[in-house]
Amino acid sequence: MRDRSTRRGRPCALVACIAACAFLVAGCRREGTVSSLEEKKIFTLDYGNFENQLNVFSLLSVNTINTNFVMQDGFFYIMNGENHKIMALNNFGELVTFFYNPEYNTAPAYIKSPSVKEATVKAVEYAFNDITCLSVGADKSLYVVDRLPVTRQELDKESGQILGQIVLRFSSDGHFIDYIGQQGPGGSPFPYIKSIHSTNRNEFVVVCVSGDGYIAYWFSAKGYLLYKISIDKNSVPSPYSAEDGDLYPSIGTVIPDYTSRTLYLSVDYYSKYIDTSSHLQSGVVYKSSYIYPLSAEDGTFGAPLEILPNVEQSTEEFSSEKYEIPYDFLGVTESGWFFFMASTESGFELQMVQENGERILRRRLPFNRSETLYYTFSLSRTGILSVMAIKNEYAEIDWWRTDSLIQSVVNK
């Protein structure tokens with residue numbers, strides 16, 4: 001295991017990359033009309049307590065929503081944290097595997113009946129406590145973040161953080177393997193886990209919140225800790241010089257690459273906003289966004305890629321003003337495309353950027369928020385973007401074939 005703190009890259013390499021990126025994307029700023037991408041409905045789920053239903057009644061409370069999903073190879077793994085269960089379904093909405101806590105869920109009828117010799121659905125009992133997120137390995141193994149009971153949580157005296165979460169591992173056939181802590185199998189609990197990811201080599205990465213940044217734990221396929229990478233705003237190199245004035249970096253999302261031991265950091269930069277009447281600082285204003293590659297093996301940064309912002313225009317009476325808003329970083333595909341999302345009045349705008357910055361694709365995704373109580377997205381490793389929309393009468397799973405769009409552009 002190697003404990004790596006991040007190190008700064010070379011400023012000359014950063015400047016060279018910025019110049020190259022500016023040349024490549026200078027003509028890509030949004031002008032004219034951006035076409036829409038067709039959304040396809042995959043299936044719907046009813047609400048209730050049966051194994052193939054969602055229980056989202058606690059969504060009416062003020063607690064954190066713990067219902068999300070992952071789509072991989074045409075299968076949807078839906079984590080219903082409110083009901084302590086996980087459902088694996090095919091793209092027809094048919095239940096394939098059901099992981100459940102029997103204290104909160106009734107055992108499926110087919111495992112109770114002695115007349116049923118073979119069940120088409122696999123049921124797996126596990127005493128989930130408070131599951132919050134999940135990931136699926138290339139071999140279809142399942143990684144689930146669960147919170148320990150209060151009596152088993154620990155206090156990190158150095159940081160003052162509560163260590164209370166672990167990662168549960170299940171094999172592709174549904175058998176429980178073990179739980180993973182900071183040091184590996186059976187290790188001490190993690191601080192708050194923001195996300196968990198798996199790679200094409202079945203290695204997995206746990207991203208935890210820590211102070212002003214994150215700690216990423218990179219594990220082998222067998223669950224042993226390979227690298228521990230500390231990330232904070234002071235360790236991220238800046239593409240600006242001292243002459244540019246004070247700039248405030250904000251680290252947004254940390255996501256690993258599927259094929260190499262690389263982390264990608266989205267960083268937004270803000271500068272001081274000086275009120276023209278009082279000449280005093282009254283806030284900060286958005287300046288730019290970058291994606292930084294960070295090697296997990298030696299803790300060094302590669303050259304950054306500038307990500308152009310979403311431009312919105314506001315018109316009031318006789319005046320019109322443009323606003324630049326940073327995109328949210330959704331993830332990266334195994335073919336090296338970065339996905340970004342921004343909210344619009346009619347839905348979302350999707351920006352897809354090739355890893356080297358040579359191609360930028362933008363599409364509008366119409367989405368009716370007035371009919372939706374809650375929604376969450378999932379980007380597959382092949383580049384299919386899916387959404388789960390919680391509506392009044394049912395939950396709906398849809399997707400956009402962004403993978404086909406990228407492939408058509410690459411083949412031109």
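Nothing here was measured: the structure is a model prediction, and the numbers come from that model.
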(request) Mind listing the closest non-hydrogen atom pair of L379 and T333 along with its distance? (result) CD2-CG2, 4.5 Å

(message) Would you say that more than 12 heavy atoms from the other residues, nucleotides or ligands in this model lie under 6.0 Å from the CZ of F50, or not?
(response) no

(message) How long is the straight-line distance from CD of Q53 back to CG of N83, given to the nearest 0.5 Å?
(response) 10.0 Å

(message) Filter on ring-ring contact (aromatic ring centres under 6.0 Å, His included), then keep only pairs touching residues 343-370, sequence neighbours left out; what's left?
(response) F348-F367, F348-Y375, F348-F377, F367-Y375

(request) Would you check if the side chain of K122 reaches a backbone N or O of D173 as a donor-acceptor pair within less than 3.5 Å? (result) yes

(request) Measure from the side-chain N and O atoms of Y47 to the backbone N and O of Y394, and report whether any donor-acceptor pair falls under 3.5 Å. (result) yes

(request) Would you confirm whether D146, through its side chain, and N129, through its main-chain N or O, come within 3.5 Å as a donor-acceptor pair? (result) yes

(request) Please report the shortest heavy-atom distance between P256 and V332, naming the atom on each side. (result) O-CG1, 3.7 Å

(request) For a side chain to side chain contact (heavy atoms under 4.5 Å, CB included) with W400, tell me which candidate from V387, I384, L405 qualifies. (result) V387

(message) What's the separation between atom CD in Q161 and atom SG in C208, rounded to the nearest 0.5 Å?
(response) 8.5 Å

(message) Ignoring hydrogens, what is the shortest heavy-atom contact between S238 and Y269? Give both atom names and the distance.
(response) CA-OH, 3.9 Å

(message) For G347, is there any backbone N or O sitting under 3.5 Å from a side-chain donor or acceptor partner on T344?
(response) yes

(request) Measure across N310 and A342 and return the closest heavy-atom pair with its distance rounded to 0.1 Å. (result) ND2-CB, 3.7 Å

(request) Evaluate the side-chain contact (heavy atoms from CB on, under 4.5 Å) criterion for residues R363 and S35: first the C-alpha distance (whole Å), next the side-chain angles of each, then the deciding distance (0.1 Å), finally the verdict. (result) CA-CA 6 Å; R363 291 295 185 272; S35 60; 3.3 Å; yes

(request) Please name the pair of heavy atoms, one in I255 and one in L330, separated by the smallest distance, quoted to 0.1 Å. (result) CD1-O, 3.5 Å

(message) Any non-hydrogen side-chain atom of P237 less than 4.5 Å from a side-chain atom of Y290?
(response) no

(request) Measure up the F75 and Y77 rings against each other and bin them: parallel (under 30°), tilted (30 to 60°), perpendicular (over 60°). (result) tilted

(message) Could you check whether K140 pairs with D73 (Lys NZ or Arg NE/NH1/NH2 to Asp/Glu carboxylate O, under 4.0 Å)?
(response) yes

(message) Using the rule ring-ring contact (aromatic ring centres under 6.0 Å, His included), only one of F92, W399, F76 pairs with F43; which is it?
(response) F76

(request) Take K41 and E396 through the side-chain contact (heavy atoms from CB on, under 4.5 Å) test and state the conclusion after the steps. (result) CA-CA 7 Å; K41 181 184 293 187; E396 182 174 308; 3.4 Å; yes

(message) As a quick check of understanding, evaluate side-chain contact (heavy atoms from CB on, under 4.5 Å) for I196 and C133, giving each step before the final call.
(response) CA-CA 7 Å; I196 183 170; C133 52; 4.2 Å; yes

(message) For the backbone of S188 and the side chain of Q183, can you confirm whether one donor and one acceptor N or O come within less than 3.5 Å of each other?
(response) yes

(message) Do the side chains of R261 and E297 get close enough for a salt bridge, i.e. N-O under 4.0 angstrom?
(response) yes

(message) To the nearest 0.5 Å, what is the distance between CZ on F176 and CZ on R169?
(response) 9.0 Å

(message) Whether the Y227 and E203 side chains hold a donor-acceptor pair (N or O, under 3.5 Å, no angle test) is what I'd like checked.
(response) no

(request) Quick one: pull up CD in E334 and CG in N200 and give me the separation to the nearest 0.5 Å. (result) 5.0 Å

(message) Ring centres under 6.0 Å, that's the criterion: do F219 and F204 meet it?
(response) yes

(request) Could you tell me whether a side-chain N or O of Q165 sits under 3.5 Å from a main-chain N or O of I193, the two making a donor and an acceptor? (result) yes

(request) Verify the neighbour count for atom CG of D212: are there more than 12 heavy atoms of other residues, nucleotides or ligands below 6.0 Å? (result) no

(message) So, taking the atom named OG1 in T97 and the one named CE in M87, what distance separates them when rounded to the nearest 0.5 Å?
(response) 12.0 Å

(request) Report the residues that fulfil ring pair (Phe, Tyr, Trp, His ring centres under 6.0 Å) with H197, sequence neighbours left out, ordered by chain and then residue number. (result) none

(request) Measure across L54 and A395 and return the closest heavy-atom pair with its distance rounded to 0.1 Å. (result) CD1-CB, 3.6 Å

(request) Without swapping roles, check the side chain of N66 against the backbone of E82 for a donor-acceptor pair under 3.5 Å. (result) no

(message) Y126 and ring-ring contact (aromatic ring centres under 6.0 Å, His included): which single residue from Y100, Y179, F170 fits?
(response) F170

(request) Give a yes or no answer on whether the side chain of E349 reaches the backbone of R362 with a donor-acceptor pair at less than 3.5 Å. (result) no

(message) Donor-acceptor pair, distance only, cut-off 3.5 Å: does the side chain of D268 make one with the backbone of G252?
(response) no

(request) Give, for atom CG of L263 and atom OH of Y214, the distance between the pair rounded to the nearest 0.5 Å. (result) 12.5 Å

(message) Could you check whether any side-chain N or O of T262 sits under 3.5 Å from a backbone N or O of D257, counting only pairs where one atom can act as donor and the other as acceptor?
(response) no

